[in-house]
*Asks:* 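Pasting in a structure now, in C-alpha cells, and then I'll have a few things to ask.
Throughout, a chain's letter reflects where its sequence line sits, starting with A, and its residues are numbered from 1. Only heavy atoms go into these numbers, but all of them, side chains included; no hydrogens, no water, no symmetry mates.
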Amino acid sequence: MSGYDPKAIERRWQQVWAEERTWEVANPGQPGFEGDKPKAYVLEMLPYPSGEPHVGHLKCYAVGDAIAHFRRRHGFEVIHPMGYDAFGLPAENNAIKTGEPPREATERSIDSFRRQFREWGISIDWSRELGTHTPEYYRWTQWIFLRLFERGLAYRDEAPVQWCPRDATVLANEQVVDGRCERCGTPVEQRRLEQWFFRITDYADRLLADFDQLESWPDHVVTMQRNWIGRSEGAEVSFRCEEVGLDFPVFTTRPDTLFGATFFVLAPEHPELERLVAGTPAEAAVREYVNDVVRASAEERGDEARPKTGVPLGRSVVNPVNGEEIPMYVADYVLMEYGTGAIMAVPAHDPRDYEFARSFDLPVRRVIEGSDEETARDAEGLPYAGDGPMTGSGSFDGKHNREAYEEIVGWLAAEGRGRKAVNYRLRDWLVSRQRYWGAPIPVVYCEGCGIVAVPDDQLPVELPEVEDYAPQGRSPLAAAEDWVATECPRCGKPARRETDTMDTFVDSSWYFIRYLDSRNEEAAWDRAAADHWLPVDQYIGGVEHAILHLMYARFFTKALADLGHLDVQEPFANLFTQGMITRDGAKMSKSKGNTVSPAEYVERYGADTARTYVCFMGPPERGGDWSDEGVEGVNRFLSRLWRLCEEVEGGEGAALEARAVEGDARALLAKAHWAIDKVTRDFQRGFQFNTAIAAVMELVNDAYRLKEGLHGDEQGAAAMRFAAATAASLVFPFAPHLGAEVWERLAGGRVWETPWPQADPELLSSDTVTLVVQVNGKLRDRIEAASDAPESELIELARASEKVRRHLDGKEVVKEIVVPGKLVNLVVR
RNA sequence: GCCCGGGUGGCGAAACUGGCAAAAGCGGCGCACUUAAAAUGCGCUGCCCCGAAAGGGGCUUGCGGGUUCGAGUCCCGCCCCGGGCACCA
C-alpha cells in the first residue's frame with residue numbers, strides 16, 4: 001500500500017487536462033462545435049489580480065467548478081472561462097509607493113493566479129483567457145464607450161461630484177460608503193467638476209422591471225438593487241414666486257398633503273438661490289450659510305441626528321392649491337441631487353419638516369386625521385405619516401387621502417400647476433477617473449469641433465508610459481505631453497486627448513461577453529457566439545458586488561441589446577452569492593494577521609482537500625470560520641476513500657444486478673444509491689454541497705463498517721467496488737483529481753466523460769420500515785413493520801408494544817393517527 | 001428608523017411538504033494496534049433526575065403566547081446578532 005499521495009495524483013491529472021485541452025469548447029461555426037448538446041455558461045466573477053489568490057477565490061472557484069462538472073456530466077456543453085480584472089487602484093498605489101510600473105506588478109500577480117488555478121485543478125477553458133488591461137481587450141472597452149457616446153448614453157457634464165482627496169480622483173456614488181471613499185476610507189469632498197457619465201438612469205425602470213426575467217437570484221440581492229434604484233411615485237408641483245417671477249417645481253410623494261404646506265425649502269446648491277436674494281437684506285446671511293454647508297463634509301451633512309439648520313430667504317411662494325403665500329428657506333436637509341432640489345414642507349406629516357418647523361417656530365397644520373390611538377400617543381400625534389380622512393383641505397375634506405390623491409394630481413395637471421412624476425434615487429454613473437491605471441477615454445478636445453470621438457480604426461487609444469503615477473488633481477496621463485497632443489480626427493487641427501481613464505467597473509461590465517470570442521481582432525465579439533452562449537446560466541461571486549458590478553453589467557447588457565449588438569436583456573439568469581470565510585470569527589486581513597494562504601494548504605494536503613473543505617464548511621451561500629482541524633477531517637475522509645480503493649482494486653466487475661444481491665452487500669448497494677440520490681438533490685436544491693459531501697462520507701463510512709463481512713464472497717467484493725467507485729464519481733465535482741483516479745482504477749475510463757449516476761428507485765425503498773409509535777405525541781417505541789402494511793395492522797402493532805402499553809394503562813384511546821410507512825400516534829385521555 | 005438574513009449540543013452544523021431533533025464533520029472520552037508516540041481502526045459523546053447495573057423517567061431548537069393528535073418548521077407579539085440603505089421629500 002502506498003497511501004494517499006495527492007501531489008502525484010493531482011500532477012498526473014492536471015497534465016492530462018492541459019495536454020488534451022479537456023475543458024475547451026468551440027463556438028458555432030468552429031470545428032468541434034457541439035451544437036446538438038444544450039449549452040451551459042458557468043461563470044465565476046473574474047478575480048482582481050493583486051498578490052496571490054486568497055481563500056475567497058478558492059471558495060468561489062471550487063463552488064463554480066463543482067457546478068460546471070455537474071452540468072457537464074448531465075450532458076451540457078459547458079463553457080467555463082477565466083480572466084483578470086487587471087486595471088485598478090491597488091496596483092497603481094503600489095506603483096506610486098515602489099515605482100514599479102503597475103503593468104509589471106499586475107502581470108506578476110496574474111502569473112501567480114493562473115498557476116494556482118491550474119494547481120487547484122479548476123476546469124477552465126484557457127483558450128479564452130483575457131486580461132482587461134491589455135490593449136486587445138480595452139480596445140473594445142473603448143469601442144463600447146464610443147457606441148454609448150454616439151447614442152448620448154455617455155456624456156460629459158459639470159455636476160457636483162464626490163472627490164476623494166487621498167486617491168485624488170472622483171468617485172461614483174456607489175463607491176462612497178458612509179461619506180467615505182470605499183477604497184481608502186478617506187472622507188469624500190463635494191466638488192463641481194466636468195466629468196463623464198453613463199446615462200444609467202434612463203434604464204432605471206427596465207432595471208426594475210426585468211427582475212421578472214431572472215430565473216433565480218437571491219432575494220436580498222434583488223432587494224438591495226431595488227432599494228438602490230429607489231423608485232418613488234408622486235407628483236411634480238409648481239410653486240410660483242411672484243416677486244422674482246419664477247416657478248419652483250418640487251417633487252412630492254404626498255400631493256394629498258398639499259394643503260398642509262406651511263413653508264418652502266431650497267437646497268443650498270440650488271441654482272436660483274443667488275437670484276432670489278441678490279441685493280436683499282437676506283443676502284449676507286444666506287451666503288454665509290451656503291458657504292458653511294459647502295465646507296462641511298458629506299459625512300457631517302448626512303448625519304440625521306444633527307439639529308436642522310437653515311436661513312430664511314425673505315421671499316415667498318404661492319401654494320397652487322389654495323393660493324396661500326408661504327415663506328422660503330434654504331436648508332441643508334434638502335438635497336440638490338434628488339428631485340428638483342426644492343421641497344414643499346408639510347411639517348404635520350413629515351418628520352424632517354416637523355423638526356425644522358419646531359426650530360424655526362413655523363406653523364404646523366394637520367390635514368390628515370389619524371386613527372384614535374395614533375392621535376392619543378402624542379398630544380397631537382404629529383408628525384403623522386399614516387393615512388386617514390382629510391381635513392383643512394377645502395373641497396377634499398372628509399375624503400380618504402388615498403382616494404383624493406389621484407384627484408389632486410388630476411386637478412394640478414388641468415390647471416397646469418403639476419403632473420404625475422416618478423423619481424429615482426439612482427444617479428447617472430460617473431465613469432471618469434483622474435488616474436493612470438485604467439482604459440483611456442477615447443475622445444479628443446478640439447478648439448473648433450469640441451468633443452470628438454476617436455474613430456474606431458484608431459482604437460485602441462493606448463495607455464502611454466509615464467514616469468510619475470501619482471495623481472495631482474489631474475490625471476497622470478496629462479504629463480505625457482507627446483501623447484496628449486494629437487490632431488483632431490474631424491478637422492485635422494491640433495487637439496488634445498482626454499486624460500481621464502475609465503472606472504474599472506466599466507471593464508468588468510462586459511467581460512463575460514468577450515470570453516465568448518476573446519481572440520477576435522475584428523470585433524468585440526461575434527454575434528453568433530454571443531447569441532449561442534448568452535445569457536450566463538450560472539453566475540457565482542461574492543455579495544459585495546450585489547449592487548455595483550451586477551447593476552452595471554445589467555445596464556451594459558440592455559444598452560448593447562438596444563444598440564443591436566446582443567440578443568439578451570439580462571446577462572445573468574441565475575446568481576449564486578457565496579458567503580465570506582472568516583478566521584477566528586473575524587474577516588481576514590493582513591493587518592490582523594489571520595489570513596489563510598490557499599497555496600500553503602494545497603501544498604500540505606493537496607488541492608482536492610482544500611477544495612472539498614471550503615465546500616463542506618457549511619452552506620456555501622453562508623460564511624464560515626476556517627478551521628485547521630476541519631481541513632484535516634476532510635483530508636482524512638479523502639484518505640479513507642483512497643485506502644478503500646486500494647483495498648478493493650482488482651477483481652472482476654463493479655456493476656451488479658441489484659435484485660440478485662442480498663444481506664450486507666445489498667445494504668451497501670442501497671446506501672450507494674441513497675448517496676447518489678442525496679448528492680443529486682443537494683446539487684439541484686441550491687448547491688447544498690456541505691450535505692452532499694456528508695452523504696459521500698456516510699457511504700464511505702458504511703463501506704468500512706461492512707467491509708469485514710463482505711471481503712469473503714464475490715458478491716460482497718463487487719458491492720465494495722461499486723460503493724467506492726460511486727463515492728469517487730460523486731466526490732469528483734469537489735475533488736476532481738482523486739475522483740478521476742479512483743474511478744479509473746475501479747471502473748476504468750474517465751469519470752468526467754461518464755454520465756452522472758442515477759439512483760435505482762428499487763434500491764431507494766426497502767421492504768421494512770421503522771415505525772415510530774407515539775402516545776400523545778411523545779415517542780414511546782420503534783417497531784419494524786412491513787412497508788406495505790395496512791393502517792389497521794400498524795395500529796395493532798403499536799398497541800401490542802410493551803413500552804406503549806405502559807403509557808396507555810388505564811386510559812382511554814380517543815384517537816389514532818396513522819402516517820403510513822412512518823408513524824402511529826395514539827391520543828389518550 | 002426602513003429592508004433583508006440568522007439565532008438548534010462544547011464548536012461550525014443537519015432535519016424533504018408540520019411527523020423519530022441533533023446526520024456528517026470537528027473537539028472530547030475510551031478501547032485495539034504499538035516498547036512508546038504518531039498514524040490507523042472500532043466504540044461512546046445534548047442536558048437533568050432515579051438506579052450498583054440493566055433499564056426507566058423528565059427536559060431541550062433565542063423569549064412569551066397561539067393553531068394542531070403532533071411545531072425547530074405555521075400564526076401573533078417581543079429580544080439578540082450579522083448585512084444593506086438611510087435628511088431621497
Side-chain angles (χ1 to χ4, degrees), chain A residues 3 177-178 218-228 230-232 234 250-254 257 265 267 301-306 308 331-335 337-346 349-353 355-356 423-427 543-544 546-547 579-580 582 585 613 616-619 621-634 636-637 639-640 643 678 681 685 688 690-701 704-705 707-708 770-782 803 806 814-819 822-828:
Chain A
V177 177
D178 294 331
D219 285 342
H220 67 278
V221 173
V222 173
T223 308
M224 277 163 73
Q225 283 198 23
R226 206 167 251 143
N227 291 344
W228 188 265
R231 183 191 151 98
S232 301
V250 300
F251 173 74
T252 177
T253 53
R254 296 293 306 276
T257 63
V265 190
R301 186 170 166 182
D303 183 4
E304 257 175 279
R306 210 177 41 132
K308 297 270 177 291
D332 67 357
Y333 80 94
V334 175
L335 309 174
E337 312 90 80
Y338 187 77
T340 61
I343 61 153
M344 64 167 197
V346 185
H349 303 291
D350 180 285
R352 298 150 303 182
D353 297 345
E355 205 192 313
F356 190 85
N423 243 285
Y424 301 92
R425 215 190 70 109
L426 183 70
R427 313 282 149 78
V543 237
E544 63 273 20
I547 298 173
M580 203 179 38
T582 56
Y613 174 64
F616 179 65
M617 290 176 79
E621 71 275 13
R622 271 196 254 163
D625 207 55
W626 184 273
S627 138
D628 284 352
E629 290 80 11
V631 178
E632 291 201 23
V634 168
R636 198 144 40 222
F637 155 62
S639 306
R640 272 160 74 84
R643 280 197 306 276
K678 173 74 177 149
R681 279 187 297 118
R685 279 190 318 147
Q688 295 175 29
N690 52 329
T691 48
I693 293 164
V696 185
M697 287 176 174
E698 280 195 56
L699 172 58
V700 171
N701 289 349
Y704 268 75
R705 257 192 290 275
K707 193 157 80 163
E708 295 311 317
T770 305
L771 182 73
V772 170
V773 185
Q774 300 178 334
V775 177
N776 284 350
K778 284 194 173 147
L779 175 75
R780 293 306 173 191
D781 200 4
R782 289 172 231 257
K803 287 180 189 164
R806 215 177 295 156
V814 293
K815 201 166 184 181
E816 292 155 334
I817 312 268
V818 181
V819 182
K822 268 198 179 146
L823 141 163
V824 171
N825 186 14
L826 302 175
V827 185
V828 301

*Asks:* Any base atoms under 4.0 Å from A:Thr770, or only sugar-phosphate, or nothing? Heavy atoms, all strands.
*Replies:* nothing
*Asks:* Students often get this wrong, so: under 4.0 angstrom with heavy atoms, is A:Glu355 touching a base, only sugar-phosphate, or nothing?
*Replies:* nothing
*Asks:* Out of B:rA24, B:rA89, B:rC69, which nucleotide sits closest to the side chain of A:Lys815?
*Replies:* B:rC69
*Asks:* Just to be sure I understand the rule, does A:Gly339 reach a base, reach only the sugar-phosphate, or reach nothing, if contact means heavy atoms closer than 4.0 Å?
*Replies:* nothing
*Asks:* Relative to the 5' end of RNA chain B, which residue comes earlier, A:Tyr424 or A:Glu632, by the nucleotide with the nearest heavy atom?
*Replies:* A:Glu632
*Asks:* Any donor-acceptor pair under 3.5 Å joining the side chain of A:Asn825 to the base of B:rC69?
*Replies:* yes
*Asks:* Counting distance only, does the side-chain N/O of A:Gln225 pair as donor-acceptor with the main-chain N or O of A:Ala546 below 3.5 Å?
*Replies:* yes
*Asks:* Is B:rU68 paired to anything, Watson-Crick or G-U wobble with both distances less than 3.5 Å, and if yes, which nucleotide?
*Replies:* none
*Asks:* Could you work out which one of B:rC87, B:rC85, B:rA89 sits closest to the side chain of A:Lys308?
*Replies:* B:rC87
*Asks:* For B:rC42 and A:Arg640 - does any side-chain N or O of the residue sit under 4.0 Å from the phosphate oxygens OP1/OP2?
*Replies:* yes
*Asks:* When rounded to the nearest Å, what value does the distance between P atoms of B:rG7 and B:rG12 take?
*Replies:* 12 Å
*Asks:* Determine the Euclidean distance between corresponding C1' atoms of B:rC42 and B:rG46; express it in Å to zero decimal places.
*Replies:* 23 Å
*Asks:* Below 30° counts as parallel, above 60° as perpendicular, anything between as tilted: where do the rings of A:Tyr333 and A:Phe356 land?
*Replies:* tilted
*Asks:* Looking only at atom P, what distance separates B:rC11 and B:rC63, rounded to whole Å?
*Replies:* 15 Å
*Asks:* Under 4.0 angstrom, heavy atoms only, what part of the nucleic acid is A:Arg231 near: base, sugar-phosphate, or nothing?
*Replies:* nothing
*Asks:* Side-chain N or O of A:Arg226 less than 4.0 angstrom from OP1 or OP2 on B:rC4?
*Replies:* no
*Asks:* Using a cut-off of less than 4.0 Å, is there contact between a side-chain N or O of A:Arg705 and OP1 or OP2 of B:rG41?
*Replies:* no
*Asks:* Taking B:rC47 as the reference, what is the distance to B:rA21 when you measure between their C1' atoms (whole Å, please)?
*Replies:* 14 Å
*Asks:* P atom, B:rG82 versus B:rG64: distance in rounded Å?
*Replies:* 23 Å
*Asks:* Could you tell me whether A:Asn701 contacts a base, only the sugar-phosphate backbone, or nothing, with contacts defined as non-hydrogen atoms closer than 4.0 Å?
*Replies:* sugar-phosphate
*Asks:* Between the protein and nucleotides 10-17 of chain B, are there any N/O to N/O pairs under 3.5 Å, and if so, what are the atom names and distances?
*Replies:*
| from | atom 1 | to | atom 2 | distance (Å) |
| --- | --- | --- | --- | --- |
| B:rG12 | O2' | A:Met617 | O | 3.4 |
| B:rA14 | OP1 | A:Asn690 | ND2 | 2.9 |

*Asks:* Quantified in whole Å, what is the P atom distance between nucleotide B:rG10 and nucleotide B:rC49?
*Replies:* 15 Å
*Asks:* Please identify which of these residues, A:Val828, A:Asn825, A:Val827, meets the side-chain contact (heavy atoms from CB on, under 4.5 Å) condition with A:Val775.
*Replies:* A:Val828
*Asks:* Indicate whether any N or O donor in one side chain lies under 3.5 Å from an N or O acceptor in the other, for A:Arg640 and A:Asn701.
*Replies:* yes
*Asks:* A:Leu779 side chain: which of B:rA89, B:rG41, B:rA21 is closest?
*Replies:* B:rA21
*Asks:* Can you tell me if A:Arg636 touches the phosphate of B:rG27, counting only side-chain N or O atoms and a distance under 4.0 Å to OP1 or OP2?
*Replies:* yes
*Asks:* Need one value for A:Tyr704: base, sugar-phosphate or nothing, where a base atom within 4.0 Å counts as base even if backbone is also close, heavy atoms only.
*Replies:* sugar-phosphate
*Asks:* For B:rG58, take OP1 and OP2 only and decide whether either is under 4.0 Å from a side-chain N or O of A:Arg780.
*Replies:* yes
*Asks:* Have a look at B:rG56 and give me syn or anti from its glycosidic angle (syn if within 90° of zero).
*Replies:* anti
*Asks:* What nucleotide, of B:rC3, B:rA23, B:rA89, holds the atom closest to the side chain of A:Tyr338?
*Replies:* B:rA89
*Asks:* For A:Val634, answer base if it contacts any base atom (sugar-phosphate contacts may also be present), sugar-phosphate if it contacts only those atoms, and nothing otherwise; contact means non-hydrogen atoms under 4.0 Å.
*Replies:* nothing
*Asks:* Nearest to the side chain of A:Arg643, heavy atoms from C-beta on, is which of B:rG41, B:rA24, B:rG57?
*Replies:* B:rG41
*Asks:* Looking at the side chain of A:Asn227, which of B:rG19, B:rC3, B:rA89 is the nearest nucleotide?
*Replies:* B:rC3
*Asks:* Pick the P atom in B:rU73 and in B:rU67, then give their distance to the nearest Å.
*Replies:* 15 Å
*Asks:* With rounding to whole Å, what would you report as the distance between B:rU60 and B:rG6 at their P atoms?
*Replies:* 25 Å
